[in-house]
Undergrad: 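The structure's right below; bear with me while I get my questions together.
Naming: A, B, ... by sequence-line order, numbering from 1 per chain. Not measured: the values here are computed from a predicted model.
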Amino acid sequence: MIQFPGFQDYLEQKPLEEADLEQASLEQEIARLRAELERARAELAHLARVSSLGTLAAAIAHEVTQPLTGVIINASTCAAMLGMDPPNLISAGETARRIMRDAHRACEVVARLRALFDKRARTLEVIDLNDAAREVATLSSSELCRAGIILRQEYTDPLPPVSGDRVQLQQVILNLLLNATDAMRAVEDRPRLLTIRTQPDGADHVSLSVRDAGPGFEPRGVEKFFEPFYTTKPDGMGIGLSVSRSIVESHHGRLWGVLNEGPGATFAFAIPRAAKTLM
Amino acid sequence: MVERSTEFIVAVVDDDRTTLESLENLLEAAGHAVRLFGHAAALLDSGSLHEIDCLISDVGMPGMDGLELMQLAHGARPELPVILITGRPAELLQRAAPETQSYYQLFQKPFNGQELLTTVNRALRDSRSAS
């Protein structure tokens with residue numbers, strides 16, 4: 001049989017080359033899509049970060065606004081009292097004392113915030129979830145009180161430490177608290193009881209749960225809460241829980257929601273205990 | 001037009017004690033009689049709605065909020081000037097119904113006490129000349 005070197009190859013190679021080309025262009029396409037997905041993911045992460053900061057900023061603004069309102073109103077009253085003829089010195093003095101008291105309250109809020117953000121290094125640190133939760137509870141106490149919430153704190157003490165980003169975990173806790181508060185806004189026939197609880201979870205995790213006495217949710221609908229942009233609130237952006245879950249997952253933990261035996265729902269997360277080497 | 005010889009009565013409704021106390025001080029120093037209420041129902045239950053000349057109410061409060069209170073108050077007394085104060089303007093954006101826009105003026109906390117007082121006095125003058 002006469003061999004034409006290369007001919008058979010040529011016959012077979014042509015479609016092979018085509019397939020190669022096709023594969024190459026598919027690979028290019030996949031790489032392009034992957035890059036696009038990566039970019040979209042980064043954008044979403046950025047949006048989420050900005051928005052949870054927004055939630056925090058709104059809570060802070062509210063905390064500082066209340067005492068500042070008192071300071072400003074009392075200052076103009078004080079000036080008016082001093083401007084009277086004759087000046088009302090006794091009332092002006094009393095009003096000045098109120099100004100100082102309210103200004104101190106505003107300073108305390110700022111001091112608490114400093115304590116919260118000073119440890120802002122993005123390195124893992126060993127955290128007592130009880131302390132982290134207590135700080136968040138204190139920071140949002142006037143918000144909770146305003147919404148008529150009765151806060152119950154049930155911490156297992158001592159609690160095994162976890163390692164993670166303190167501020168991020170506190171954003172998760174704040175988000176769960178504010179969600180629980182929102183869930184109970186319409187509750188009138190029973191106490192608006194909100195319970196924060198910490199406890200060891202299994203042999204190597206620690207969990208924190210936030211239990212409300214609100215209307216609960218559709219049993220099969222719970223996963224929807226974790227989808228980005230899903231919200232039940234008229235002014236909500238629907239990012240809180242999906243951000244919270246991504247923060248918890250970046251700590252190798254999980255976040256979930258269940259209906260209570262009684263009224264309401266419980267949202268909780270569990271993250272691993274700090275490794276011994278970190279302690 | 002009937003000139004009133006008595007002092008004006010201003011009601012303040014807010015769930016924040018600091019705001020209540022400071023507004024009491026401000027309004028009393030300006031010569032007004034002041035009634036303070038920690039929530040909307042307290043004002044309605046007190047029966048003093050018919051005697052007040054001006055209502056200052058916080059918007060976001062547990063139970064009935066300031067917008068509902070204003071609507072109820074206007075149901076009974078359409079001419080009553082209502083001044084709203086709010087810590088979050090977003091609370092108003094959620095409720096864009098026209099009947100929620102019947103306030104005399106809206107102040108965002110923290111606000112200038114002197115400006116509020118000027119507005120209260122103008123509202124009192126306006127409603128007196130209207131009646």
Undergrad: Do B/Ser22 and A/Asn74 have side-chain N/O donor and acceptor atoms under 3.5 Å apart?
TA: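 Side chains of B/Ser22 and A/Asn74: no pair found under 3.5 Å.
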Undergrad: Can a donor-acceptor pair be found between the side chains of A/Gln153 and A/Tyr155 at a distance below 3.5 Å?
TA: yes
Undergrad: Assess, by modelled atom type and distance only, whether the side chains of B/Asn121 and B/His32 contain a donor and an acceptor separated by less than 3.5 Å.
TA: yes
Undergrad: Can you tell which part of A/Arg101 gets under 4.5 Å to a heavy atom of chain B, answering side chain, backbone, both or neither?
TA: side chain
Undergrad: Pick from A/Arg105, A/Glu188, A/Arg185: which one has the most heavy-atom pairs with chain B under 4.5 Å?
TA: A/Arg105
Undergrad: Non-hydrogen atoms of chain A under 4.5 Å away: do they reach the side chain of B/Asn25, the backbone, both or neither?
TA: both
Undergrad: B/Leu27 pairs by side chain to side chain contact (heavy atoms under 4.5 Å, CB included) with which of B/Ile9, B/Ile56, B/Leu116?
TA: B/Ile56
Undergrad: Out of B/Leu80, B/Leu124, B/Val10, which residue meets the side chain to side chain contact (heavy atoms under 4.5 Å, CB included) rule with B/Asp53?
TA: B/Leu124
Undergrad: Does any backbone or side-chain atom of B/Glu21 lie under 4.5 Å from a heavy atom of chain A? Answer side chain, backbone, both or neither.
TA: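 Interface part for B/Glu21: both.
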Undergrad: Using a cut-off of under 4.5 Å on heavy-atom pairs, state which of A/Thr65, A/Thr77, A/Thr95, A/Ile72 scores highest against chain B.
TA: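 Answer, by heavy-atom pair count under 4.5 Å with chain B: A/Thr77.
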Undergrad: Below 4.5 Å, heavy-atom pairs only: which of A/Arg98, A/Met84, A/Met81 has the largest tally toward chain B?
TA: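 Winner by heavy-atom pair count: A/Arg98.
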Undergrad: Side chain, backbone, both or neither: which part of A/Glu94 has a heavy atom under 4.5 Å from chain B?
TA: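 Answer is neither: A/Glu94 stays 4.5 Å or more from chain B.
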Undergrad: Flag yes if more than 12 heavy atoms outside A/Arg152 fall under 6.0 Å of its CZ atom; otherwise flag no.
TA: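 Not more than 12 within 6.0 Å, no.
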Undergrad: Check each atom of B/Leu23 against the heavy atoms of chain A and say whether the ones under 4.5 Å are side chain, backbone, both or neither.
TA: both
